Protein chains: 2
Amino acid sequence: MPATRPNLRQIADSLGLSVTTVSRALKDGPEVHPKTVARVKEAAAAAGYVPNLRGLALRTGRTHAITAVLPLEARAYLSDIARLPLIEGMTVAARARGYTLAIQSPLPEEDPLEALRKIVHLGASDGVVITRMTEEDRRVAWLEQNGVPFATFGRSAGASLHAYVDIDNHRIAREAAAHLAAAGHRRIALQLLSGTDVSSADRLEGYRAALATAGLAADPALVGRDDFSLEASQTSFARMLDEADPPTALICASELGLLGAIAALRQRGLVPGTDVALIARDNTRLCGYLSLPVLAHRVDMALAGETLVAALAGRIETPAAPPLRTVIAPGPLEAAG
Amino acid sequence: MPATRPNLRQIADSLGLSVTTVSRALKDGPEVHPKTVARVKEAAAAAGYVPNLRGLALRTGRTHAITAVLPLEARAYLSDIARLPLIEGMTVAARARGYTLAIQSPLPEEDPLEALRKIVHLGASDGVVITRMTEEDRRVAWLEQNGVPFATFGRSAGASLHAYVDIDNHRIAREAAAHLAAAGHRRIALQLLSGTDVSSADRLEGYRAALATAGLAADPALVGRDDFSLEASQTSFARMLDEADPPTALICASELGLLGAIAALRQRGLVPGTDVALIARDNTRLCGYLSLPVLAHRVDMALAGETLVAALAGRIETPAAPPLRTVIAPGPLEAAG
DNA sequence: TTCTCAATTCGTAACGTTACGATTTTCAGA
DNA sequence: TCTGAAAATCGTAACGTTACGAATTGAGAA
């Protein structure tokens, strides 16, 4: 920015020292006389000196910024309410570690790898957090090949090696389906994302595992894949409800999905949560204030964001250390509120 | 990031040209032979060249990043749900204009001016968006003195000159109070932020204007200043409701405030929206799903975010042009949903 | 006084880019 | 073939910082 800010040269000139000595003094270099260190630090503080990140970045290659590639336009990814604590968690954790968080929202029509390549080549950050992982994510391979520090939200297939934070989607869906089966439900519907997200695959697996354990058949017609707008969700559930053997329980995948399900039920004169059991994706505040008997797991998205940044910071600062891999356990399945 | 990315020198060497010529060719400099321009562009595309922002920033002073100073930890500022569309609007608009949005969440204990000074002196962005404006905001004076491009969310006292986007809080509170007065309410409570935010001052003024027009006295005991957690809001409203002459209508300031009010009412066996009228701050999705007779203005926070970035981009790119000043009009007071 | 060695301090180069002035090449006209 | 101007290209410096090796200073010993 155009603000004329003090730089090393000005401080050096004002003290009759060289730029080199001032630079070293400010980072307590052992070669600088203690008295000089004190003088320099005093002058720097008086002048309000802050090291210029642009020069620093060019010289050292470190920008002290991290970039999160997080779709914000697409309503399909993460519920509205789950997104904010994730961003908050990342921002706060980044700041606490001396980083700035930059958010890049990829355009839906862009090739994810190409978009990522551009972001990395800009060289404006020390590492990236990527989201919306697919099974064989080409981005992971590319990042690894190019030695770019990264952490992913959600595992990818080759997840044995890289830093990631994941929600235990398998367990969440499994517990949800198991609970419903134990309550006597035989026709349990599951809502998934429309893409090839790993999270959806995990949820589907967990759901099937629970059904198998309960001795129930898995009916593909009961697995909805819509893109999680309220309307799409409503349509999707409505179709299931209008079939010959409709579901008596729904496992939703976002609060928009939940609201869509409620709309579809009300449209048919059914009482949500009573006539048809409902399990929400996250136990968000919204669920609690629906005044409906809805169950949900509480998932700490802020913690997920913080852990993501911690994992990325680890890759940046100690590349030799093993990557941090975390699966966030959900809280117990409980009455939403 | 450590990725070895192509730079101008490599492209120049591979073509037997100088760095200067390649640099000029890539931006269609008129001094370069058209055939050379074509050759250079082809080679650059083949190599996947992306200009390095670090070098560019150092040379040109432009970082193509903007920083939004937005408190994310403090629950007191902006409702949870209103924050996300604001961030989304800013991110998307920034990206559309070739900027990256960085979010800096100031720590509550930090001096706002000092924190801003550090952010600016880092030189990591071309301009800043600041929020939580106070009447005589020292940050505005400092930014102006130092020639830093900026836009504010909310006006400050000397707002005649700088770029800002504001919500018409005066009108929102005025219409809310007027509507309640017209419905026969005589004791109308208003909830405000606890700080010295301009938005709260505007709301208070609008509220008082409506009461005066309706010939009602303004009772200071009916103006709550809490910090907008659900609990604080509940306590604050509870105190009012337990007084000798309790309010029969509440104008809330966030959805958390609304939920706190509902909790306080239910605690006393009162039916929210029926026994005591409620007007919410924003017509968020949550309000609609409360299944209560709640009124609210719809405020387009995503538009506010987009407009903020547009205003800031204007300051950065055409400093001579008059600053963009926008007041976002709310939608009509309507049944929430 | 002079020498030696350690303690300080300094100057230069480099990161990748663009601006500016200098230099080379090209080609029409004599 | 030569001249000269226009066209095209090149080299150098600079943005602010740090790393490296060189240069200077000072104190104690001979």
Side-chain angles (χ1 to χ4, degrees), chain A residues 1-41 43-44 47-65 118 120-126, chain B residues 1-41 43-44 47-65 118 120-126:
Chain A
M1 305 184 223
T4 52
R5 49 185 161 285
N7 59 18
L8 282 187
R9 150 125 272 129
Q10 288 166 24
I11 294 177
D13 288 352
S14 78
L15 292 174
L17 288 170
S18 75
V19 176
T20 304
T21 303
V22 172
S23 170
R24 283 212 258 243
L26 285 177
K27 58 169 71 81
D28 285 308
E31 314 106 315
V32 186
H33 191 101
K35 220 176 68 181
T36 310
V37 170
R39 271 174 67 213
V40 168
K41 286 196 170 175
Y49 173 76
V50 175
N52 184 305
L53 278 189
R54 301 201 277 245
L56 205 61
L58 190 55
R59 183 63 178 93
T60 65
R62 290 286 305 276
T63 61
H64 300 278
K118 271 188 193 155
V120 169
H121 279 179
L122 284 174
S125 52
D126 295 335
Chain B
M1 304 183 228
T4 52
R5 49 185 160 287
N7 58 18
L8 282 187
R9 150 125 272 128
Q10 288 166 23
I11 295 177
D13 288 352
S14 78
L15 292 173
L17 289 170
S18 75
V19 176
T20 304
T21 303
V22 172
S23 169
R24 283 212 258 244
L26 285 177
K27 58 168 74 79
D28 285 309
E31 314 106 315
V32 186
H33 192 101
K35 219 177 68 183
T36 309
V37 170
R39 271 174 66 214
V40 169
K41 287 196 170 176
Y49 172 76
V50 175
N52 183 303
L53 278 190
R54 301 202 278 243
L56 205 60
L58 190 55
R59 183 62 177 95
T60 65
R62 290 285 306 274
T63 61
H64 300 279
K118 270 188 194 152
V120 169
H121 279 177
L122 283 174
S125 54
D126 295 336

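Throughout, protein chains are lettered first and strands after them, A, B, ... in sequence-line order, and every chain is numbered starting at 1. The figures that follow rest on heavy atoms only: side chains count, while hydrogens, waters and symmetry mates do not. Quick caveat: nothing in here was measured; it's all calculated off a predicted structure.
Both Pro51(A) and Thr21(B) sit near DNA chain D, but only Thr21(B) has its closest nucleotide nearer the 5' end. For the pair Leu58(B) and His33(B), both in contact range of DNA chain D, the more 5′-proximal nearest nucleotide belongs to His33(B).
Gly16(A) comes within 4.0 angstrom of sugar-phosphate atoms only, judged by non-hydrogen atoms across all strands, and of no base. The residue Val32(A) sits close only to the backbone: its heavy atoms come under 4.0 Å of sugar-phosphate atoms, none of a base.
The distance between atom CG of Leu8(B) and atom C1' of dT17(C), rounded to the nearest whole Å, is 7 Å. In this structure, the CG atom of Asp28(A) is 13 Å from the P atom of dT18(D), given to the nearest Å. The interatomic distance linking Glu31(B) (CD) with dA7(D) (C1') rounds to 10 Å, in whole Å. As a whole-Å value, the separation of Arg59(A) CZ from dG16(C) P is 11 Å. Per the geometry, CD belonging to Gln10(B) stands 11 Å off P belonging to dC15(C), to the nearest Å. Rounded to an integer number of Å, the gap from CG of Asp13(A) to P of dT17(D) is 13 Å. What separates CG of Leu17(B) from C1' of dT25(C) is a distance of 14 Å, to the nearest Å. Atom CG of Asn52(A) is separated from atom P of dC15(C) by 19 Å (rounded to the nearest Å).
For the OP1/OP2 pair of dT9(C) and a distance below 4.0 Å, the side-chain nitrogens and oxygens of Ser18(A) include no atom meeting the criterion. The side chain of Tyr49(A) contributes no N or O atom lying less than 4.0 Å from OP1 or OP2 of dG16(D).
Under the side-chain contact (heavy atoms from CB on, under 4.5 Å) test applied with Leu56(A), the options Leu58(A), Asn52(A), Leu53(A) reduce to a single match, Leu53(A).
Panel note: side chain Arg39(B), backbone Leu15(B); a donor-acceptor pair is recorded below 3.5 Å.
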Between His64(B) and Leu122(A), does a side chain to side chain contact (heavy atoms under 4.5 Å, CB included) hold up when you go through it step by step?
-> CA-CA 10 Å; His64(B) 300 279; Leu122(A) 284 174; over 6 Å; no
Mind running side chain to side chain contact (heavy atoms under 4.5 Å, CB included) on Val22(B) and Arg9(B) for me, showing each step along the way?
-> CA-CA 9 Å; Val22(B) 172; Arg9(B) 150 125 272 128; over 6 Å; no
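The nucleotide whose nearest atom lies closest to any side-chain atom of Asn7(A) is, among dT18(C), dT17(D), dT9(D), dT17(D). Of the candidate nucleotides dG16(D), dT9(D), dT18(D), dT18(D) has the atom nearest to the side chain of Lys27(A). Taking only side-chain atoms of Val19(B), from C-beta outward, the nucleotide of dT9(C), dT17(C), dT17(D) with the closest atom is dT17(C).
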Can you check nucleotides 21-24 of chain C for protein contacts, nitrogen or oxygen pairs under 3.5 Å, and list what you find?
unit_1	atom_1	unit_2	atom_2	d
dG21(C)	O6	Arg24(B)	NH2	3.2

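Helix bend of the helix from dT1(C)-dA30(D) to dA30(C)-dT1(D): the angle between its two end axes, each built from five pairs, comes to 70° after rounding to 10°.
Of all the heavy atoms in Pro6(B) and Ala47(B), the pair that sits closest is CG-O, 3.2 Å. When every heavy atom of Arg24(A) is checked against every heavy atom of Val32(A), the shortest pair comes out as CB-CG2, 3.7 Å. Between Ala43(B) and Ile11(B), the closest heavy-atom pair is CB-CG2, 4.3 Å. Shown here for Val37(B) and Ala25(B), the closest heavy-atom pair between the two residues is CG1-O, 3.8 Å. Closest approach of Ala57(B) and Arg54(A) over heavy atoms only: CB-CD, 3.3 Å.
Taking the side chain as every heavy atom from C-beta outward, Gln10(A) and Ser14(A) never approach each other to under 4.5 Å.
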